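Input: a single structure, listed below in structure tokens.
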Amino acid sequence: MKTEQQQHILSSFSQTLEQLAATHQLRTLKTIEAPRRPEVLLHGNNVIDFCSNDYLGFSQHPLIQEASIQAIAKYGTGTGGARLIGGTLDLHRELEAQLAAFKQTEAALVFNSGYQANVGVLSALISRHDTIFADKLNHASLVDGALLSRAKVIRYPHLDLKSLEKGLKQASSQHQKFIVTDTVFSMDGDLAPLTELFELSQRYQAWLILDEAHGTGLFGESHRSGLWENTGLGSQGNVIQMGTFSKALGSFGAYVAASQTVIDMLIQFSRSFIYSTSLPPSVIAANLKAIQLIMGDKSYTEKLWHNIRTLQTELDRTLSSPIAPVIIGHADQTLAIANALLDAGFFVQAIRPPTVPQGTARLRITLSALHTTEQIHQLTRALAGLIQL
Ligand SMILES: *Cc1c(COP(=O)(O)O)cnc(C)c1O
């Protein structure tokens with residue numbers, strides 16, 4: 001029996017949930033039974049997956065799976081501690097050395113997830129006297145990290161360098177300035193102008209913190225280490241790059257690549273690094289193998305870019321990445337279209353506020369190197385039957 005007071009407390013939560021449902025904003029968990037990408041078994045139905053960030057199909061790669069299984073056999077399933085308290089294996093160090101070579105930086109550090117990396121980096125390196133300049137469409141983990149730092153946060157309109165420069169000019173030179181941005185925007189798929197951002201960071205003596213969650217493994221002529229690689233600017237003292245293993249690299253976890261001094265600071269002060277058990281050997285070994293594969297072989301990304309060009313032609317618009325948003329506007333309409341696509345055999349996620357700004361609810365189509373040209377045709381045909389393309 002619940003006491004009256006308990007019922008009262010619960011009823012306020014129930015009201016919140018009912019309100020969300022009434023405005024088509026309630027989030028629900030869709031359960032996948034058998035991921036055999038690009039097809040997945042979803043609530044008993046076989047559908048083609050167009051919402052995964054597993055862009056290269058690496059979660060299913062036999063060599064990565066084998067590396068992971070071997071690591072379990074050798075090291076077991078867990079590390080038994082945080083990195084600073086007995087939780088650092090030679091495998092973690094090997095991955096960090098490989099990352100520094102991949103990113104061409106002095107040093108690198110592994111974090112347990114992209115969310116933890118962003119929260120940990122911003123809160124460790126930025127003090128409450130400093131100023132953060134953040135793109136309005138940055139990932140939520142960067143927003144939360146900025147809050148934790150207690151710094152002054154200036155959110156500039158998406159990609160608006162004029163506005164950013166105005167802010168930089170006005171900021172006090174007494175304290176540090178940090179420009180923080182996604183390189184590939186997760187819900188829009190467009191790209192940050194990194195060379196111009198770097199120039200601004202030099203002109204106004206600011207740090208530049210880049211989130212390569214959707215860039216790592218996809219961009220970069222020589223290593224495919226991220227969009228920064230394409231600038232040709234290499235290792236720069238004021239640039240801090242983070243990225244994840246959870247998207248194109250097919251597994252889980254994140255990294256920060258920077259100067260040795262920055263990495264040493266993170267080991268001392270980054271609370272999400274210090275106070276969390278380190279990633280298990282199976283995950284570290286998968287990440288190591290994924291980096292080795294992507295560095296050594298261009299063909300994985302070439303197949304994906306071929307698919308991006310196919311979808312680009314079908315939608316008759318330019319795509320900068322495997323993320324193709326189709327903006328619908330209203331949350332309820334977006335949900336209805338996503339459900340209709342599901343009935344037709346296509347798993348496309350509806351993305352609604354607060355993940356994206358009000359009035360910009362959208363379908364977020366993501367491509368994989370595993371999709372066939374025919375599957376992309378089928379999706380766009382189904383889509384054309386539902387909305388004006
Ligand atoms: C997914 C994502 C993250 C979070 O990474 P996880 O490893 O999933 O925690 C951070 N930043 C961006 C831009 C992302 O898309």
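Note that the structure is a prediction, hence the values are computed from the model and not measured. Start at 1 and go down the list; that is how both ligands and their atoms are numbered.
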- Task: Give the minimum heavy-atom separation between P281 and G78, together with the two atoms involved.
- Result: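 Between these two residues, the closest heavy atoms are CD-C, 4.2 Å.
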- Does I267 share a hydrophobic cluster with Y255, counting links as ILVMFWY side-chain heavy atoms below 4.5 Å and allowing steps through other members?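 Not linked; separate clusters.
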- Query: Is the shortest N/O to N/O distance between G114 and ligand 1 below 3.5 Å?
  - Reply: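 The answer is yes, given that G114 and ligand 1 share an N or O pair closer than 3.5 Å.
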- Query: Would you say Y115 has any N or O atom under 3.5 Å from an N or O of ligand 1, going by distance alone?
  - Reply: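 Min N/O separation from ligand 1 is below 3.5 Å for Y115.
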- Query: So, F185 versus H139, ring centres under 6.0 angstrom or not?
  - Reply: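 When the ring centroids of F185 and H139 are compared, they turn out to be at least 6.0 Å apart.
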- Would you mind telling me which of T31, L342, D49 makes a side-chain contact (heavy atoms from CB on, under 4.5 Å) with L42?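 Output: one option passes, namely L342.
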- Task: Identify which of N138, N112, D211 has a heavy atom lying nearest to atom 13 (C) of ligand 1.
- Result: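 When every heavy atom of N138, N112, D211 is considered, D211 comes closest to atom 13 (C) of ligand 1.
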- Task: Answer yes or no for S141: is there a heavy-atom contact with ligand 1 below 4.0 Å?
- Result: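 In this structure, S141 qualifies as a contact of ligand 1 - some heavy atom is under 4.0 Å.
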- Item | K247 touching ligand 1 at heavy-atom level, < 4.0 angstrom |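 It does; at least one heavy atom falls under 4.0 Å.
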- Euclidean distance, I154 CD1 relative to L164 CG, rounded to 0.5 Å: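 Rounded to the nearest 0.5 Å, the CG-CD1 separation comes out at 9.5 Å.
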Is the backbone N or O of [Y] less than 3.5 Å from a side-chain atom of [X], with the two atoms forming a donor-acceptor pair by type?
X: Q104; Y: A101; answer: yes
X: K152; Y: A171; answer: no
X: Q241; Y: I209; answer: no

Against heavy atoms of [X], which atoms of ligand 1 measure under 4.0 Å?
X: S186; answer: 15 (O)
X: T244; answer: 5 (O), 7 (O)
X: A213; answer: 2 (C), 11 (N), 12 (C), 13 (C), 14 (C), 15 (O)
X: N118; answer: 10 (C), 11 (N)
X: H214; answer: 14 (C), 15 (O)
X: D182; answer: 13 (C)

- Shortest protein heavy-atom distance from atom 8 (O) of ligand 1, along with the residue and atom involved: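 The protein heavy atom lying closest is S246 OG, 3.7 Å.
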